[in-house]
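First up is the structure itself, then whatever we jot down about it.
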2 protein chains.
Amino acid sequence: MKQPKIKNMEDFASVSGISRPTISKYFNDPGSVRKSTRERIEHALEKFDYRPNMYAVNQNRRLTKNIGVVVPYLSDPFFAEMARNIENLITAAGYRPVLLGSHGDPQQEVDNLNNLRSIKPAGVLLAPLGRTSNQEQLRTFCKEIPTVLFDSNIGEIGEAFVGSDNEQSVGLIVEYLCRTGEPPAFFEMKTPTNPNAIKRHNAYIKAMERLGHEPYLIQVDGEGWDFEEVGFRGGTRVIAARDLPTNTILCSNDRLAIGFLSAAFEAGLRVGLGKSCALRIAGNDDHPFSRYSCPTLTTVSQDYASIAKKSAETLFDLIDSGKRRKKRETTYIEGKLVMRGSA
Amino acid sequence: MKQPKIKNMEDFASVSGISRPTISKYFNDPGSVRKSTRERIEHALEKFDYRPNMYAVNQNRRLTKNIGVVVPYLSDPFFAEMARNIENLITAAGYRPVLLGSHGDPQQEVDNLNNLRSIKPAGVLLAPLGRTSNQEQLRTFCKEIPTVLFDSNIGEIGEAFVGSDNEQSVGLIVEYLCRTGEPPAFFEMKTPTNPNAIKRHNAYIKAMERLGHEPYLIQVDGEGWDFEEVGFRGGTRVIAARDLPTNTILCSNDRLAIGFLSAAFEAGLRVGLGKSCALRIAGNDDHPFSRYSCPTLTTVSQDYASIAKKSAETLFDLIDSGKRRKKRETTYIEGKLVMRGSA
DNA sequence: AATATATTTTTACGCGCGTAAAGTATCATT
DNA sequence: AATGATACTTTACGCGCGTAAAAATATATT
């Protein structure tokens with residue numbers, strides 16, 4: 001059995017008995033060739049295992065089958081999980097996901113976009129860093145490449161935005177907390193990294209006022225993405241001070257809450273909704289680890305799957321239509337209350 | 001000020017006043033052109049912002065400047081953190097990292113390698129799934145592309161392996177636990193996903209025997225990568241059964257331990273090393289979240305930075321030398337004891 | 001200033017594939 | 001079996017860049 005080295009499409013065309021242009025057509029869209037032809041090609045493919053040279057393929061195409069996925073922080077399981085969902089959708093749609101994490105660094109974010117630019121992606125799904133993002137660069141990029149933002153909404157950047165409905169989510173949990181105990185104080189970072197934090201802040205105040213309670217904010221210092229650490233330090237300080245008007249704390253996100261939980265544990269405070277508990281703590285996100293904290297964390301879920309689906313589909317539409325949107329579309333996905341042990 | 005559209009290297013050569021081959025040389029290695037020339041090019045670069053077409057560049061090069069990084073599970077902060085370290089090293093060395101996660105799926109792992117194949121990477125850093133990996137496919141891939149394995153060692157696959165020294169790490173913590181309390185039972189999955197699990201199992205037995213204690217294994221069911229869940233369920237069962245010969249449990253990894261901790265908490269058991277504590281629990285890895293569990297987790301660190309550095313440097317050597325290793329090199333990086341609250 | 005050496009320019013070809021145009025074979029329909 | 005519509009083959013060109021070879025120029029050395 002002779003196995004000639006298949007070096008290029010020409011070679012593969014010879015051994016498969018089909019002309020090169022037809023082979024080319026096949027690889028661009030298997031459905032575009034006659035069934036009998038397709039079968040012959042696929043049969044040859046099994047025998048010879050040839051795959052087109054990606055670089056040669058994409059050199060001529062104006063837009064490739066690549067879709068960039070940029071998230072602010074891959075070490076955060078929230079984004080890792082989101083990326084996983086999105087990757088699967090992209091692959092299923094016949095595109096190739098290119099995943100890039102910005103490591104919380106604005107310069108890295110810009111670098112990532114520049115790297116993407118050079119691979120001429122068909123589109124990009126971008127979860128921006130937020131406050132620290134280089135907005136001008138993002139804007140320029142989005143004008144060049146069809147981009148859908150998710151998680152964090154920034155100004156009028158990108159063709160569309162998909163994220164969770166902070167107003168609804170925070171409203172939901174504030175209402176729950178008020179209904180089942182003392183109204184919550186809101187625990188957050190003084191200078192939030194993320195636009196969601198600001199929306200949650202406002203949503204908290206609004207919900208409290210709607211329910212006839214006085215909002216109470218606990219703002220802690222802390223830079224960067226080490227939220228658990230910030231939550232821990234802030235929590236320790238709050239607990240030591242002992243001047244809270246309430247025994248219930250709503251954290252701006254789950255990672256802060258996990259840190260706070262840790263602080264409460266160290267301080268010997270029981271957290272939960274029983275009579276023997278000194279504190280109730282709730283979060284926001286339904287972070288993958290929230291079900292294993294001690295106690296398990298009561299929170300509002302972000303609907304990973306829906307956010308991923310909606311943003312991916314929006315991008316596919318954008319790519320297929322070939323045009324840009326007349327109007328920037330924003331979609332807010334509702335969260336669900338996740339009642340667990342901590343509140 | 002006229003700003004002609006720079007479409008290709010030819011155009012850029014004109015506006016910069018340098019010949020195209022020299023420009024090409026510059027982009028392949030800025031140091032290879034005379035200083036004055038380099039400055040002229042860089043000056044033009046600032047004015048015209050041209051970047052070579054990646055696809056055209058790589059079409060002719062036998063090997064690209066891409067380095068693939070494949071990890072089994074990106075949603076596991078351990079691998080995300082490892083990937084982050086490695087990415088930085090790759091970028092610093094002038095290569096372009098291409099990060100791929102296998103989502104715990106052997107087929108995805110094979111797909112990832114195939115995708116890498118088509119971008120002709122200079123080399124690959126691979127943390128294989130382990131037991132479920134398609135070994136034959138991995139072997140074939142590694143013969144084609146210079147590959148360094150890390151984290152999980154599989155047979156004789158790849159040019160080198162870098163991972164943590166399980167023998168030493170487990171020895172360290174077993175010794176610590178025996179010295180400070182009752183000898184530990186070993187908590188693990190019955191069918192471990194990962195070669196490290198097996199090594200840790202053996203290291204535990206060896207360490208116990210060395211110290212004159214009877215090894216005691218607790219093996220729990222559970223498939224996949226949802227280790228916290230496995231740990232939680234297993235822990236709940238173990239605690240309910242109440243027939244342990246010891247109050248000390250060493251978990252095969254931190255994620256299992258975090259699940260176990262959660263189970264202990266739910267069962268109302270105090271975990272820690274004080275007299276009032278019913279249980280001691282320790283882990284292995286120093287997972288990013290272990291410092292925020294309740295109580296904080298005593299464990300043995302894996303030296304992320306060193307593992308990343310050693311494996312990246314090994315790959316760079318391999319690429320630079322252009323040859324394969326005569327002998328497969330394996331490096332085991334020592335772990336350090338991380339004493340926290342749980343044991 | 002003359003020579004040797006290092007760099008750059010000129011010229012030219014090739015990489016692997018997309019794709020257009022014109023001609024030929026195959027298919028479905030009546 | 002004749003017809004028109006599809007699908008395929010042949011031929012040919014171009015994409016943007018790497019790279020080789022020879023000629024021209026700039027720099028370093030004596």
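Chain letters run A, B, ... following the sequence lines, proteins first, then strands; residues in each count from 1.
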For K120(A), I'd like to know if atom NZ has over 12 heavy atoms of other residues, nucleotides or ligands within 6.0 Å. yes

Closest heavy-atom pair and its distance - P77(B), S75(A): CB-O, 4.0 Å

Rounded to whole angstroms, how far apart are NZ on K35(B) and C1' on dT8(C)? 18 Å

Qualifying residues under side-chain contact (heavy atoms from CB on, under 4.5 Å), relative to [X], sequence neighbours excluded:
X: R328(B); result: L149(B), N153(B), E156(B), F161(B), T330(B)
X: T193(B); result: W225(B), F227(B)
X: E10(B); result: N8(B), R20(B)
X: E159(B); result: L318(B), R324(B), R325(B)

Name every residue in residues 51-61 of chain B that has at least one heavy atom under 4.0 Å from any atom of DNA chain D, in order of residue number, or write none if there are no such residues. P52(B), N53(B), A56(B), V57(B), Q59(B), N60(B)

Within the 4.0 Å heavy-atom criterion, would you say F12(B) contacts the bases, only the backbone, or no part of the nucleic acid? nothing

Under the side-chain hydrogen bond (donor to acceptor under 3.5 Å, both in side chains) rule, collect the residues that match up with S19(B), sequence neighbours excluded. T22(B)

Charged N to carboxylate O below 4.0 Å: is that the case for R84(A) and E87(A)? no

Working to the nearest 0.5 angstrom, can you tell me the gap between T132(A) OG1 and L129(A) CG? 4.5 Å

Under 3.5 Å, is there a donor on one side chain and an acceptor on the other for S152(A) and N194(A)? yes

Could you tell me if N112(B) and S102(B) have a donor-acceptor pair between their side chains, going purely by distance under 3.5 Å? yes

Check salt bridge (Lys or Arg N to Asp or Glu O under 4.0 Å) between E39(B) and all other residues, then give those that pass, not counting sequence neighbours. none

Write out all pairs satisfying side-chain hydrogen bond (donor to acceptor under 3.5 Å, both in side chains) with one or both partners inside residues 137-149 of chain A, taking only residues at least two apart or from two chains. R117(A)-E144(A)

Ring centre gap for Y73(A) and F78(A) strictly below 6.0 Å: no

Check DNA chain C against residues 19-32 of chain B and give the residues with a non-hydrogen atom under 4.0 Å, in numerical order. S19(B), R20(B), P21(B), T22(B)

Five-pair end axes of the helix from dA1(C)-dT30(D) to dT30(C)-dA1(D), angle between them (10°): 10°

Does any part of the side chain of D111(B), heavy atoms only, come nearer than 4.5 Å to the side chain of T91(A), both counted from C-beta? no

Between protein and nucleic acid, restricted to nucleotides 23-26 of chain C and to nitrogen or oxygen atoms under 3.5 Å apart, what atom pairs and distances do you find?
none

Boundaries of the chain A footprint along DNA chain D (any atom under 4.0 Å from a heavy atom): dA7(D) to dG16(D)

